[in-house]
Every structure is written in structure tokens, then in C-alpha cells.
Asker: 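This is the structure, below, for whatever I ask next.
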Amino acid sequence: MATMSVLTLPLPQDALRDPEKWNSDWKSLLCRELAFPSGPYLLFRLKMMEITMSSKGLQGSLARYPDFVNPTCAIQRNITEEALLYFSHADLENRWMDAGADERGKHILDAMAGLCSKARNLNEARSYCPELSLKRLRTDGKIFLDLLKAVMLEDASFIPTKPRFVSHPGWDAWAAEQEKLNDSELKKVSCAEILILRTKLISHVVQFTLRSFVGLPPPEFSVQKEYKSNQKTKSPALPPALAELLGGPEAAKARFKDEKTAMKARHSQRVAHCSYLSCTETEPADGSVKFPRCKTCFEKMQRQVLYCSATCQKADWKLRHKAVCGKSLDFETVSRPVENPATASTADTRIGPPVNGYKRSPALIAQVTALNRNPTFDYILYDANNQPKPIDFGAGQYPQLAFRECRELAMTTGDPSSVAIMAHYLCVLLSTKSCSKDFEDITANMIVAQFAREFCIDDLRQRVLVVQHIQDRDPLHRPPLLINAPPQLWAVLNKDVNLDKVVLSLD
Ligand SMILES: [Zn+2]
Ligand SMILES: [Zn+2]
């Protein structure tokens, strides 16, 4: 059965020739042979077989594993950035829900077919993605929006070292089971490849669909060129029984010829990338320039590691390459997360990732992303025209330290009390006369509404009033954000501002 499935997978070249048929072939295959719970086991065995049988085998798969992980992380960062714009400026959620099933279906099918036609492994990855059921996605608009939120990062200010895996009960259970086994390197990399390709295809489909829906061209897309060794391998003769299955020897021959042509066409589009993580250089398609390769890796391991320049080679040596150069690879080394140096600069000051399963709203992701990009800002408020107005308390000052501590807790856990204390403080501060003209038209009601939207807290108004009540009862009338300020410090902070005199009113 295993061999049969490989041969009868809908082909990448059919995705563009007849997308509807290609899709329905996939659908019946997924229902018939690749359905849970047996599906993953079959696919896992096929993946292991593919790795063992390929000319580069296990070492080749280990070497290219980071080439799946890093671009997937970058795709997810890009989707997040784009989606935040569409959510806030293009009313994406309502527009998608209002579009009919046919319109949604058209964008999704175009995206899937376009992508799967580009690479064999992306096409095969459809077998790992029960989420990509066209019927379900087109009928219920919410399913696609949920899928989008599932691939969006919680902070788009940097490229993470690990992608967000899309949770699915069947795959989660299977992956957890695999993790418990102390398996061979072959099994580990097969399992990891399936999970990462799954994530990569879903992320790409979401991105291409969104682009198509808002009327933008698809993003630039290039597949890494694979190194071909000069050893020619002759394809083995097809067993007669198998040829029969494909509609007789003539039909089987025609099919293989077609596959070969399609494969050549796909391969001619590939480009070689520079191996340094934060470099985006690719070898010119016309072959005018060939990137030099790491000599040691090539001579000892026949591994192709290309760099656009000596600068990139040097930088990558320190970051990653030193540990693996000319050596036999293992799964632990290739799966170790390495932070992209281009985005690592704010790593120390960055607002942390959410904890305890807290899920940020798109509005909060936008806020976190903007703050992490501009670490001197303490918060970004929006005026009546939706223009950003950054708040900056001044580095290292007491209000900043207290505010940031509260902000960290609110943004990583969603703790409503911290949100209320923070919102209350900004309301009080902006009501004082000494406040800058920039914030003139931002009212306390607007601040509370913004925080309620970002943190999805319906009763934030009541909570802020409770915080005000606590301030009223404090003998020194300190806003609760500054409750730990010693009396002398409080006197200084309050001196020209009179925070203690503010009477907060909310509609
Ligand atoms: Zn480079
Ligand atoms: Zn090397």
C-alpha cells in the first residue's frame, strides 16, 4: 500500500493544469488512505523511506533541515506584520466573513495550487495538513481566520528561532508519542521534517490567500536549489504489476516522462541562497555569478554550503558553522535554535513571549511589536484619527520602571488588574495640565477603550474605577502604579503634576 500511495499522490504539475481535479484527488486520498489515526504512521514510514533511498540520505536531510526551519520562521513573521495591517486598516475580519464561499474558495484554491506546483515537498505536505480542506475553509470563513491566528506570531518585531506549530489533535498526539521514544536519528529527522513542512505549507497558504484577497501580488517565493552530484542514477524498471495500476505500460511511461519534464521545469526556477542567516542574497539565475562554497564541507562530506561573500562566511562561522564544518551532523545540532543576528539586537529589552497559554489579540500583537521595535517607548496610544502617539517616561526613571514591570505582567499573562493599573495611570497622567499638547485630544475614555480592545477585557471601565477608588483611599493619594514609591520620591514625582488631585471620570 505504501508504494502505491507515493505513486498515486496528486502531482505538483496537475495543481495548475486542473486545480479543481487536483484538489478533489487530494481530498479523496486524504479520506481514503491518509486519514487519522493511521495516516501519520504511513506518512512517517514513507518519509523515512524517502530519506534512506535518496542519494544524500540521512546526512543530506540533516543538512537541509535548517533550510526548512529558518524560512518558515521568516514567513510567519511576514504574515504577522501583514495581517496586523489588514486587521487594523482593511477590516479584514468582516470583509472575509462577508465574502461568499465562492470568493473565499477561489483565493484559497489559487494559493494552494500555486504553491504546491512549485515544489514536490510542498505538494506532498498537503498529506500532512488536514486543516487545508478547501470545503471547510471556504464554507466557514471563521476557520480560515482561526488558521491565520494560529500561524501569527505573538510579536513580529523579530524573526523567532522556532516557528509556531499549528496545533491539531491528531498531529499533537502523534508528535508527543514520537518525542517520548528515544529514536534513531533517521526517525527524529523524518518526524521533524513532516512537522515543519506541515507548518510551512499552512503558513504559506495563509499568506498567499491573504495577499490574493486584499488584491496584492503573491510575495516573492524562491525554492532553495539543491546540489546535484555528478553520479547519474538510472531509474529502475517499473514492475509490471505497478505499470498495470497506472493504466498499462504506455500510460505509465507517459506519466513518468511528464513528471520528469515538470521536475526539470521546477528545478530551473530554483536559486541558491547564501547560507548566512541574516543574508538574503541569492545566486543570479542567469548563472553569471557562482557563490563560493565551504571547501572543508564539500571535500569531507560532499556538502554544499554556499556564501555570497567572505563577510557572510566569517559571520556564519562564528554563529553556526564552526560547530558543524566538515563534521557528520546529528539531529541535536541541526535543530538547536540560533537567533537571527539581524533581529537579535533587542533581545535583552524585549517584552517577553506570552506565558501559561495566554493568547494575544491582533491589537496587542501590534502594540508589542511596535514597542519592541522602539524600546525607548513605554506605550503607544492612538488619537481620534488613529494616529500613534508614543509615551516615553524617560530612561531609568521611577515611573518607567514601575510602568514597565506592570506592562510586562499584563502583556505576558493578560492579568486584568495590571492592565487596569496601567490604563488608570495613563488616564490620570494625561488629565494633568502639565501633559504635552500631543495628547490633548486623547481622553480617558479613549485610553480605556484602547486597552479593552488590546487585552480583550470587557469590564475594564469598572476595573479602572476600582483602581481609582484604591488611590482615593491611599493616605498619600498615590496612583496604584506608584504605590511602592517611598513618600519622598512620591513628593518629587507629584510636585508639579498633582497626580493626587486628579478626579477621574469615565462614561
Ligand atoms: Zn551572504
Ligand atoms: Zn564547512
Side-chain angles (χ1 to χ4, degrees), residues 51 54-78 81 118-119 156-163 185-186 188-189 192-193 196 200 204 219-231 267-347:
I51 293 175
S54 90
S55 60
K56 278 165 290 168
L58 178 64
Q59 283 298 313
S61 281
L62 288 167
R64 71 177 176 177
Y65 180 67
D67 295 338
F68 292 135
V69 177
N70 302 325
T72 305
C73 295
I75 297 163
Q76 290 191 335
R77 200 276 300 262
N78 296 345
E81 277 195 314
K118 288 192 200 302
S157 69
F158 68 107
I159 300 175
T161 54
K162 258 173 98 177
E185 292 283 297
L186 173 64
K188 278 188 206 160
V189 78
E193 240 189 75
I196 194 77
K200 189 173 183 187
H204 260 318
E220 279 213 30
F221 180 93
S222 67
V223 182
Q224 170 83 28
K225 194 177 193 170
E226 273 194 54
Y227 170 63
K228 291 265 172 305
S229 67
N230 288 328
Q231 298 163 340
H267 284 201
S268 69
Q269 314 240 320
R270 307 219 161 147
V271 286
H273 297 254
C274 173
S275 298
Y276 182 46
L277 252 185
S278 58
C279 178
T280 53
E281 289 293 319
T282 54
E283 233 177 31
D286 60 9
S288 56
V289 182
K290 288 264 174 235
F291 285 174
R293 61 189 170 207
C294 172
K295 208 168 151 231
T296 316
C297 281
F298 188 73
E299 283 173 0
K300 286 200 179 159
M301 304 301 296
Q302 285 75 56
R303 206 156 53 218
Q304 183 94 324
V305 184
L306 301 176
Y307 294 103
C308 72
S309 61
T311 319
C312 280
Q313 182 167 18
K314 245 188 197 162
D316 193 47
W317 176 260
K318 265 194 182 161
L319 186 72
R320 295 192 300 176
H321 199 63
K322 195 174 159 186
V324 295
C325 186
K327 290 180 194 156
S328 176
L329 299 171
D330 59 47
F331 184 69
E332 212 214 306
T333 319
V334 298
S335 58
R336 197 174 293 147
V338 177
E339 184 138 31
N340 190 326
T343 56
S345 52
T346 61

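Values below: every heavy atom of this structure, side chains too, minus hydrogens, waters and symmetry copies. First listed ligand is number 1; within each ligand, the first listed atom is number 1.
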Asker: May I ask you to list the protein N, O or S atoms found at less than 2.8 Å from the Zn ion (ligand 1)?
Answerer: C274 SG, C279 SG, C308 SG, C312 SG
Asker: Rounded to the nearest 0.5 Å, what's the gap from CG on L329 to CE on M301? Could you check?
Answerer: 6.5 Å
Asker: Between A315 and Y276, which heavy-atom pair has the shortest distance, and what is it?
Answerer: CB-CZ, 3.4 Å
Asker: Residues in salt bridge (charged side-chain N to carboxylate O under 4.0 Å, His left out) with E220, at least two apart?
Answerer: none
Asker: Distances under 2.8 Å only: what protein N/O/S atoms are near the Zn ion (ligand 2), ordered by chain and residue?
Answerer: C294 SG, C297 SG, H321 NE2, C325 SG
Asker: Atom NE2 of H321 and atom CD of Q313: how far apart are they, to the nearest 0.5 Å?
Answerer: 7.0 Å
Asker: Parallel, tilted or perpendicular: which describes the rings of F331 and Y65, with under 30° parallel and over 60° perpendicular?
Answerer: tilted
Asker: Run the salt bridge (charged side-chain N to carboxylate O under 4.0 Å, His left out) test against R270 and tell me which residues pass, sequence neighbours left out.
Answerer: none
Asker: Let me confirm one number: the CD-OG distance from E281 to S309, rounded to the nearest 0.5 Å.
Answerer: 8.0 Å
Asker: State plainly whether the residues E332 and K188 are in salt-bridge range, i.e. N to O under 4.0 Å.
Answerer: no
Asker: Checking side-chain contact (heavy atoms from CB on, under 4.5 Å) against L62, which of V189, T333, I51 comes through?
Answerer: V189
